There are 2 protein chains.
Amino acid sequence: MFELDRSIEFQNKRNDILTVGELLVDMITAEYDDNMNCNEYHRFFGGSPANIAMNVRMLGIKSLVASAVGKDGFGKFLIDHLQKSKINTSNIQQVDHASTSLVVVSKSKSSPIPIFYRDADYQLLYTQKLEEAVKNSKIIHFSSWPVSMVPARYTIEKTIKLAKESNTLICFDPNYHPMLWQQGEDGKEYVKSILSYVDIIKPSEDDAERLFGKDTPENQMNKFLKLGAKLMIITLGENGAIISNGKESIKLHTLATEVVDVTGAGDSFWSGFYTAIIKGYSIRNDLSFDMAVSAYKLKYMGAVINLPKHEKIKEIYKL
Amino acid sequence: MFELDRSIEFQNKRNDILTVGELLVDMITAEYDDNMNCNEYHRFFGGSPANIAMNVRMLGIKSLVASAVGKDGFGKFLIDHLQKSKINTSNIQQVDHASTSLVVVSKSKSSPIPIFYRDADYQLLYTQKLEEAVKNSKIIHFSSWPVSMVPARYTIEKTIKLAKESNTLICFDPNYHPMLWQQGEDGKEYVKSILSYVDIIKPSEDDAERLFGKDTPENQMNKFLKLGAKLMIITLGENGAIISNGKESIKLHTLATEVVDVTGAGDSFWSGFYTAIIKGYSIRNDLSFDMAVSAYKLKYMGAVINLPKHEKIKEIYKL
């Protein structure tokens, strides 16, 4: 049971958070455009786990990424970018005969419809290096991407098992999207089935709707909690977020004053959350900080922006 | 046997050429860049068969395209583009749960290394509409793309069979590339195995090298001819092209004076070739025209450029 007024205790380990899963190129329209009419695209570093690893490093905690890319120009671009950001890339696997995964998306103030081009990302294998990284990290994080296709799904299943044995906190982003799954596979059921094996989940309202259909945020939370979620946060866009441990819940308002680009807003929330729990905040105090990090991110274009250290964020948002 | 001093005779059919296969988005770096370091990309209409269909229409003959795209923003872009160019799109199949195929490529004066993102293109099915189009066309054209993966491979095999029965000239671009084939499959053997079933092939020097290893153009031609090629043209970049019917050969020099972008140069050569054989030129006279069309294309950026009518090309290049 996670108590909302207590901080989460971690064992003394070398690394704070290991994010596992998709490392990819985001190709975003140069102009605001909901229908992909634009002919000019800008390439960005992307993939939620990698974004989180970059963000938390800027906020002030230690991170590692485990991902798979192709042996091509885009894979090189992603690895170079991580290295320039001083992220250890020894767990980035370079896969033969596979293209670095790519997502094409419209720059949009609402939820844009992406086109997915997946190849190398789901070829992630369970290696000895990955095993060591899981053991030596306080938290592991993954999204629905790696569990949606094999062999990455098997890698995550083994990773969850090892994390339990190693007292590593298991956090899962249930960002189910039908386009991630192969036609004929029941991705919703799979995502629901792993909720009881993980410690913390953070769906957005859209994620919840894709899994359970339209409903109130409170009802959606109950569905996740019934399926075994231990601590959950549902993010509600401009309506803030709610956290619940199944016993009590807290509602938080957004701190966003200016929305330039929503890409990566969820990742920045996660990043604030991880930084605060590692820094020893109670879960209740943690939340305001998460809202501040995502509010800061919304002011800028791109999935990963230059975030200040966590002390600076606290100062800006008077926390 | 194709006689070099004679024109090719066609039955009186409704359509001149049906191109079958990949319809896709080319995402090209904004700057000259051999290593994909560029962050700005421009979207172009692409895919060799579609490019040829667009080109020959501009040059002055009738064309149809059979391809498969996803139900997404890129699929819509490609279909809209064809319709704006007054190309009949009734043979463009829109596939559920597949992304419109995409190729990312560096703008380059040499042969750029592409990153392939294939999904919808190889889902092309053999339909009654396609059957009618094959019967009613004088020529069918396809490249190595659709034969590299199933179910499109089966569609092409059925198409070849029907084309033989319908007196439709079968032209094949043996542009073999290992990245098109699934790992473990022998794409080279497959490409070699279909040479005796088709009428005309046009490999580039690079295509020949990928299939047979490095050798002189004359030796490469002999290898294709031994495998059953009836009429073949090998294009040699700045060194022109050679045509052979297995009995005699003609060497042509390039007419290019200015090289801005090589993307689509092979397609413009094919387009010139098809236009000239439909217009009743002898194969020998045809070749100068092909060289002129590709020389014109090389002066401009993009896989498909605004080509003048064939009479205008003849005038510009004093043919």
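Fair warning: this is a prediction, and the values are worked out from it, not measured in the lab. Each chain gets a letter, A, B and so on, in the order its sequence line appears, and its residues count up from 1.
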Applying a heavy-atom distance below 4.5 Å, give me the residues of residues 119-128 of chain B that approach chain A, sorted by number. none
Is the backbone of A:Phe116 close enough, under 3.5 Å, to the side chain of B:Tyr117 for a donor and an acceptor to pair up by distance? no
Around atom NZ of A:Lys76, are there more than 12 heavy atoms from other residues, nucleotides or ligands closer than 6.0 Å? no
Would you please go through residues 180-192 of chain A and name the residues with a non-hydrogen atom below 4.5 Å from one of chain B, in numerical order? A:Trp181, A:Gln182, A:Gln183
Can you list the residues that meet the salt bridge (charged side-chain N to carboxylate O under 4.0 Å, His left out) rule with A:Lys71, with sequence neighbours excluded? A:Asp96
Write out, in numerical order, the residues from residues 36-53 of chain A with a heavy atom short of 4.5 Å from a heavy atom in chain B. A:Met36, A:Asn37, A:Cys38, A:Asn39, A:Glu40, A:Tyr41, A:His42, A:Arg43
Check whether B:Val25 gets within reach of chain A through its side chain, its backbone, both or neither, counting any heavy atom under 4.5 Å. neither
Look at the side chain of A:Ser99 and the backbone N and O of B:Ile115, then say whether any donor-acceptor pair between them is shorter than 3.5 Å. no
Heavy-atom contact with chain B under 4.5 Å, split by part of A:Ala98: backbone
Exceeds 12 heavy-atom contacts within 6.0 angstrom, atom NZ of A:Lys129: no
Taking atom CD of A:Glu131 as the centre, report whether more than 12 heavy atoms of other residues, nucleotides or ligands fall under 6.0 Å from it. yes
